[in-house]
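Bear in mind the structure is a predicted one, so any value in this text is a computation, not a measurement. Just so you know, these numbers use all the heavy atoms, side chains as well, and skip hydrogens, waters and symmetry mates. For the single chain, residues carry numbers from 1 onward in sequence order.
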Amino acid sequence: MRKTIIAGNWKMYKTLREGQELVIALRRELYQIEDIDIVVCPPYTLLAYLADALETSNILIGAQDVYWQDEGAFTGEVSPVMLKDIGCKFVIIGHSERRQYFGETNESVNNKLKAALRHNLTPIVCVGETLSQRESGKTFKVLDDHIENGLKDITDIDILKIVIAYEPVWAIGTGKNATPQQAQEAQKYIRDLLRKMYNNDIADTVRIQYGGSVKPENITELMSQPDVDGALVGGASLQIETFAEIVKKAAEVKK
Ligand code: 13P
């Protein structure tokens with residue numbers, strides 16, 4: 001049984017005050033939810049404050065990126081040591097927006113992944129194809145590339161600590177989610193890749209989230225798919241009503 005994980009990626013939204021209001025409301029709404037991982041990933045400027053505000057709650061905190069060195073002259077970067085220090089548990093790595101706008105490659109993803117693991121942060125590694133890649137029949141090829149190269153040299157022990165997020169780029173922020181069947185097909189493909197790279201036990205243990213226009217209206221059907229173990233939620237994680245409803249509905253899906 002894989003534990004459901006619902007994570008909110010706030011992207012570049014929320015001032016400190018707005019973030020504080022949101023997590024206070026989330027604590028109140030979600031304190032009774034058990035047996036699933038609930039994660040919020042605010043911008044760096046809010047992390048330390050919100051980690052404090054969420055202490056002793058059932059909501060965990062994650063960052064949206066990390067650099068791979070522990071410290072040094074790397075202006076603008078944040079290290080895994082710093083994230084760990086303020087109470088971060090998770091970190092998103094290789095989000096398509098970082099690949100698209102900030103030059104993230106499989107190689108940098110791989111370096112960041114290893115750095116996060118070295119410091120006991122749980123990486124959420126994002127993979128997924130663009131619209132033109134899907135339309136030209138390259139979806140599985142892109143997944144091969146992201147998984148095989150992004151996870152290069154990750155050991156049997158470490159792969160179990162990683163969460164994979166399948167986020168088709170064409171479904172991000174567009175309101176047009178992948179159908180549950182499309183998500184299932186891609187996520188089964190990813191799991192089968194893990195079967196080949198590792199073994200059946202490992203493939204059956206690693207959690208794979210779906211991300212891309214997840215909303216209260218589609219979470220139940222997405223979560224009902226055998227290889228969908230959770231969601232990485234963008235826009236709908238910015239409002240208390242929608243994120244709380246997504247978490248509650250996901251918690252109700254029994255497989
Ligand atoms: P949306 O839920 O806004 O489509 O964003 C998905 C995403 O990119 C989460 O990382």
Side-chain angles (χ1 to χ4, degrees), residues 1-11 23 26 30 33-44 46-48 50-51 54-70 78-96 98 104 108-128 146-147 150-167 187 190-191 194 197-198 201-211 227-234 237 243 247 250-251:
M1 263 289 276
R2 296 181 293 265
K3 191 177 187 188
T4 295
I5 171 166
I6 304 295
N9 174 8
W10 291 8
K11 307 193 179 182
V23 298
L26 285 174
L30 298 176
I33 304 286
E34 290 171 346
D35 303 327
I36 75 171
D37 285 336
I38 310 168
V39 185
V40 291
C41 303
Y44 286 135
L46 282 62
L47 279 179
L50 300 192
L54 289 171
E55 227 182 341
T56 72
S57 82
N58 58 343
I59 302 171
L60 301 163
I61 197 138
Q64 298 174 19
D65 191 19
V66 66
Y67 194 54
W68 59 80
Q69 300 277 359
D70 291 357
V78 172
S79 85
V81 177
M82 295 166 182
L83 295 181
K84 196 72 195 161
D85 178 51
I86 55 106
C88 244
K89 303 276 188 257
F90 288 80
V91 59
I92 298 171
I93 294 175
H95 191 279
S96 65
R98 298 222 57 87
E104 193 86 82
S108 58
V109 166
N110 189 254
N111 285 333
K112 291 177 177 189
L113 206 48
K114 288 173 184 162
L117 290 163
R118 232 177 15 249
H119 293 284
N120 289 319
L121 290 160
T122 300
I124 298 179
V125 190
C126 303
V127 300
H146 286 176
I147 294 286
L151 301 182
K152 193 160 180 270
D153 301 326
I154 299 295
T155 64
D156 285 23
I157 293 173
D158 279 344
I159 186 70
L160 295 169
K161 301 175 190 157
I162 291 176
V163 177
I164 295 172
Y166 170 61
E167 295 209 313
Q187 298 193 196
I190 292 168
R191 203 177 297 290
L194 297 177
M197 289 167 68
Y198 297 93
D201 279 353
I202 287 176
D204 289 333
T205 306
V206 173
R207 295 184 291 178
I208 308 177
Q209 298 174 296
Y210 166 77
D227 288 297
V228 178
D229 307 315
L232 184 54
V233 185
S237 72
F243 193 61
V247 170

Checklist outcome for this item: Residue set satisfying salt bridge (Lys or Arg N to Asp or Glu O under 4.0 Å) with Asp85, at least two apart, ordered chain then number -> none
Item to check | Under the salt bridge (Lys or Arg N to Asp or Glu O under 4.0 Å) test, residues paired with Lys84 that sit two or more places apart | outcome: none
Checklist entry - Shortest non-hydrogen contact from Ala63 to Cys88? => result N-SG, 3.7 Å
Checklist entry - Does some side-chain heavy atom of Val109 sit less than 4.5 Å from a side-chain heavy atom of His146? => result no
Checklist outcome for this item: Here the pair of heavy atoms bringing Pro80 nearest to Val66 is N-CG2, 3.4 Å
Identify all side-chain donor-acceptor contacts of residues 37-44 below 3.5 Å with residues at least two apart in sequence or on another chain.
from, atom 1, to, atom 2, distance (Å)
Asp37, OD1, Lys3, NZ, 3.1
Asp37, OD2, Arg207, NH1, 2.9
Asp37, OD2, Arg207, NH2, 3.2
Tyr44, OH, Asp65, O, 2.8

Checklist outcome for this item: Nearest heavy-atom contact between Ile33 and Ala251 is CG2-CB, 4.0 Å
Checklist entry - Who are the ring pair (Phe, Tyr, Trp, His ring centres under 6.0 Å) partners of Tyr67, not counting sequence neighbours? => result Phe74
Table please: side-chain donor-acceptor pairs of residues 156-167 below 3.5 Å, with sequence neighbours left out.
from, atom 1, to, atom 2, distance (Å)
Asp158, OD1, Lys161, NZ, 3.1
Tyr166, OH, Glu129, OE1, 2.9
Tyr166, OH, Glu129, OE2, 3.0
Tyr166, OH, Arg134, NH2, 3.3
Glu167, OE1, His95, NE2, 3.1

Checklist entry - Heavy atoms, side chains only, cut-off 4.5 Å: are Val23 and Leu46 in contact? => result no
Checklist entry - Any side-chain heavy-atom pair from Tyr198 and Val206 closer than 4.5 angstrom? => result no
Checklist outcome for this item: Here the pair of heavy atoms bringing Ser79 nearest to Gln69 is CB-O, 3.2 Å
Checklist entry - Under a 4.5 Å cut-off applied to non-hydrogen side-chain atoms, are Ile5 and Gln209 in contact? => result yes
Checklist entry - Hey, are the side chains of Ile147 and Met197 touching, using non-hydrogen atoms and a 4.5 Å cut-off? => result yes
Next on the checklist: Could you check whether any side-chain N or O of Arg118 sits under 3.5 Å from a backbone N or O of Trp68, counting only pairs where one atom can act as donor and the other as acceptor?
Outcome noted: yes
Checklist entry - Counting distance only, does the side-chain N/O of Asp229 pair as donor-acceptor with the main-chain N or O of Arg2 below 3.5 Å? => result no
Item to check | salt bridge (Lys or Arg N to Asp or Glu O under 4.0 Å) partners of Lys89, counting only residues at least two apart | outcome: none
